[in-house]
Structure formats: structure tokens, C-alpha cells
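Heads up, the thing below is written out as C-alpha cells.
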There are 2 protein chains.
Amino acid sequence: MSSPAGFQPVHRESTSSLITRALREGIMNGRLPAGAQLSEAGLAAEFGVSRGPLREAMQRLVQEGLVRSELNRGLFVKELDEAEIRDLYLTRTAIETAAAYTLAHSARASEGAQRLRERAAAMAEAVAAGDLNALADADFAFHEELVSLSGSPRLHRVHETLMVETRMCMTALQETYFDPEDQVAEHSRIAEAIAAGDDEGLRREIEEHMQEALDRLVRAGHQG
Amino acid sequence: MSSPAGFQPVHRESTSSLITRALREGIMNGRLPAGAQLSEAGLAAEFGVSRGPLREAMQRLVQEGLVRSELNRGLFVKELDEAEIRDLYLTRTAIETAAAYTLAHSARASEGAQRLRERAAAMAEAVAAGDLNALADADFAFHEELVSLSGSPRLHRVHETLMVETRMCMTALQETYFDPEDQVAEHSRIAEAIAAGDDEGLRREIEEHMQEALDRLVRAGHQG
DNA sequence: CATCTCCGGATTGTTGACAATCTTCACAGG
DNA sequence: CCTGTGAAGATTGTCAACAATCCGGAGATG
């Protein structure tokens, strides 16, 4: 047994890590709405653990910036005003552009582009089925796949937080897709720019895509 | 007292936040070298607190990616191999490029460029004095200022972690500046590109600057 | 010699209790 | 009416003890 191969170290997760993910999920889907206080006793009871591990998980969320801490008062889900939403999309643009660049210049560029085409196709199916919820899921899956394919652990970690914030926004504003067909087309163009290795086009497509998504969100915020 | 103005909410910091910063500092300057285990009992005794707040601080570092957690075994300062260092600089390039862009297109572009010129001048002074340690400090101060001036809380938060990792690398590899004069010149060119609003030049200067810094680090890693 | 078992010591994970702080409300005084 | 006081209740911050797990070596067994 001296030259083993093919096995990865078993991945066991700590309690605080599990709770962190559950809380992130709650923030995304609006079960923990913006501005809400995270009650230690209440949440600990729900998760069936004591306050210790729960506090550790909440400190992770503070570090992520999803939660704001007020000393001796409690932790509150961060509220995103317009300036924050703009900053969110500024950062998303930076991260996803870098990820797309890296992918486009990597050996797996064409394979990656294919994977993204499939994600875009899934979006098209959702549109055809008239399922706007599935469209939103496929939309997020596309962007997560894009960053995953870059192979960068740092871009991936940062992006994960940004996606939670994006979903939180969309949930809060009940935003719906104005022109679903165009949504699919924008994503397809990004995939094709990666396949073609078109740096300038890639940057332009992502920039425009983000700008439009941001405008939609800001408009929805002004109306809602 | 109904229309007060000019006061900001008092900023009190939690214990875990203070400890987090102290630990980050330790990772940067090599007091907690890569691969070292963070002993809960030992560190708690040093800080004069119980293990509770200390564990909360350590979970923040896990979320930041500065520390790796092995279940029931402990927390260890993350070790950076060549692939990780490349990823670090990839991410730094993404963040700092976005920050520079934002600053260059903002109303405070010229003011910001001036601040950066002053930082570059401080680097030049360090070089003239032959103080390579002060040069390193001024170098980091330039990049921190650049991201701060962007006004983006997200870019700033991410960048903070990246700077810790960068310093950790340089400390571990005992890297020294090969051509200090050129270092100053590279930074000056970035400041001038911001002042001129030269997007393309800005991207090129930052890209080259990062690439050279990365190459230096990788070479130092191969030799050390 | 290699392997298995078991044990002691050390470290981490978790818990419940205690101390400190904040919030809310009622109430007295100017 | 506005301000200040004080106590009750609830929540957060901290701690020390307990349980679970891991690591090392001693010793037995084949």
C-alpha cells in the first residue's frame, strides 16, 4: 500500500461551516431578510446546537460582509442601498471578467466554452417553458460555472459571496426578467467570446451584461 | 437636537475583531509561519481571553482563506505553493485594475492621482535612503491607497486579505527588490495613467507590474 | 520484523452557566 | 410637555468544565 493512487482526502465539514452555509442560504432566499436581526438563542435552537458554534458561523458571515455587527446589540443582515448594489456589480464585473480571461487563455478554453453553452441552453429551455424561476437558477448557474471553470480558488471564494448578495437583492426586489430572450443571448455571446478568444469582445460583453443587470435592479429598487 | 450633523456613529470593536487583526498581523510578519498550527489554548493565554472569542476570530481567518481547518485536528496557516501564488496575483490584478478604473473615472481622479504620486515619492525617498524595508512598506501603502481611493468597500475587503497573503509570501521568501529604481517608476506610471484617464495604458501598467512582481516571487521561491 | 491493540496525554468541539450590556417601560420632577 | 431615574426583561459577551477525537508509544502476538 505504498503507492496508492486516485483517492482524495475525505472531506469532513465542521459544524460552524455547515451552519454558515445554511445561514447564507437563508439570506439568499429571503428567509433572513435584509435588516433582520440574527437571534443567537433562536437560531441555535433551530439548528439544535448551542450558541458557541452558531456564533462562530455568524462571525464568518461578518467577515464575508453579509452581516453587520453592532456590539452588545446583535448581528443584522446587511441592507443594500443603491450605492451598495452598484459596488456589488462593480466587484462582480471585476471578478467575472478576470475569470473569463483566465478561462479563455487556458488550455480548457474550448471545453469550458462548451460547458457554458450548455448552461445558456438550459436558460433557453427555461424561457421556452415560461419558467422564470428556472431561468433565474440557470442564470446563476452560468455565472457560477464561469468562475469555477477559471480554476481560481480566490476568485471562486469572493464570487460565492457576491452571488449570495445578488440573489438577496433579486429576492428582496422581486425582480423579474424584462426580456428573457435577450438574457439568453447575452450569456451566449459571453460563451462565444471565450471560445473565440476575443479578449476585447469578452470584456465588452461582460461589462454590458453587468451594466444592464444593474440598471434593472436599480429601476426595480426605485419602483418597489 | 432634531437636525444634528457631522457626527459618525461611535465605532466600538468586538473582541474577536481585534484578535482577528492581531492574528492577521502575525501571519503577515511571519510570527505565525506558513504551515504552523494555531494552538487555541496557547493563543488564548497570550491574548488573555478564553478560547471562545479566540475561536470566533480563527473562524474569520478560515473564511478569509488565510487559515485551513482540519476537523478535530486544528487550524494551520495556509501554505502557498507556486500555483497559489499565481492565483494570488491573478486576483490582485483583477481587484487593483478594477479599483484603478473606478478611481480614474471618478470625480476625484486627479486628487487620487496626486495622493498616489505622493506614495510613489515616499518609495523614491526610501530608495534614496537605501532603506529596503521602508520601500516595502511604501510599496504596500501605494497599493492599499489605490484600492481605498476607489471607494469600493468590497474591493477593499478582498484586497485586504490579498495584501496579507502577499506580505506573508515576501516575508517567507525573504524577497528583496532587485531593481528598486524601476519599482518606483512602475508605480509612478500607474499614478500617471490614472491622472491621464488612459484606460488601456492603466490596464497594461498594472498587468506588467503584477507580472514582474509575480516572476520575482516565483524565482525567489525556486531558489530559496 | 511487521502488525495489531491498547492506553495516556494533549488538543479540539461543545455545552450550560454567569456577567455585562442594552432596551423598554413606568413614573417622578421640573 | 419634556427630561431624568430606575428597575425588569431580554440579549449578547465570556468563561470554565465536560465530552469527543486524535496522536504517540509500549507491549503483545503472529
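All chains are named by letter (A, B, ...) in the order of the sequence lines, taking the proteins before the strands, and each is independently numbered beginning at 1. Source: prediction; values computed, not measured.
- Residues A/E96 and A/H159 bring a donor and an acceptor atom of their side chains to less than 3.5 Å of each other.
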Run the side-chain donor-acceptor check on residues 26-36 of chain B: report pairs under 3.5 Å with partners two or more places apart or on a different chain.
unit_1	atom_1	unit_2	atom_2	d
B/N29	OD1	B/R31	N	2.9
B/N29	ND2	B/E25	O	3.3
B/R31	NH2	B/E46	OE1	3.1

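- Partners of B/Q63 according to the side-chain hydrogen bond (donor to acceptor under 3.5 Å, both in side chains) rule, which considers only residues two or more places apart in sequence or in another chain, do not exist here.
- For A/H209, the ring pair (Phe, Tyr, Trp, His ring centres under 6.0 Å) partners two or more places apart in sequence, or in a different chain, are A/H143, A/H187.
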In B/S/- notation (B base, S sugar-phosphate only, - none; protein heavy atoms under 4.0 Å), nucleotides 12-18 of chain D written 5' to 3' is BBBB-B-

Considering only distance and modelled atom types, tabulate donor-acceptor pairs under 3.5 Å from the side chains of residues 69-79 of chain A, sequence neighbours left out.
unit_1	atom_1	unit_2	atom_2	d
A/E70	OE2	A/R68	NH1	2.5

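- Between A/E165 and A/G65, the shortest heavy-atom distance links the atoms OE2-O, 4.3 Å.
- Nearest heavy-atom pair across A/G221 and A/L173 is CA-CD2, 3.9 Å.
- Extent of DNA chain C lying under 4.0 Å from chain A heavy atoms, first and last nucleotide in 5' to 3' order, is C/dT14 to C/dT23.
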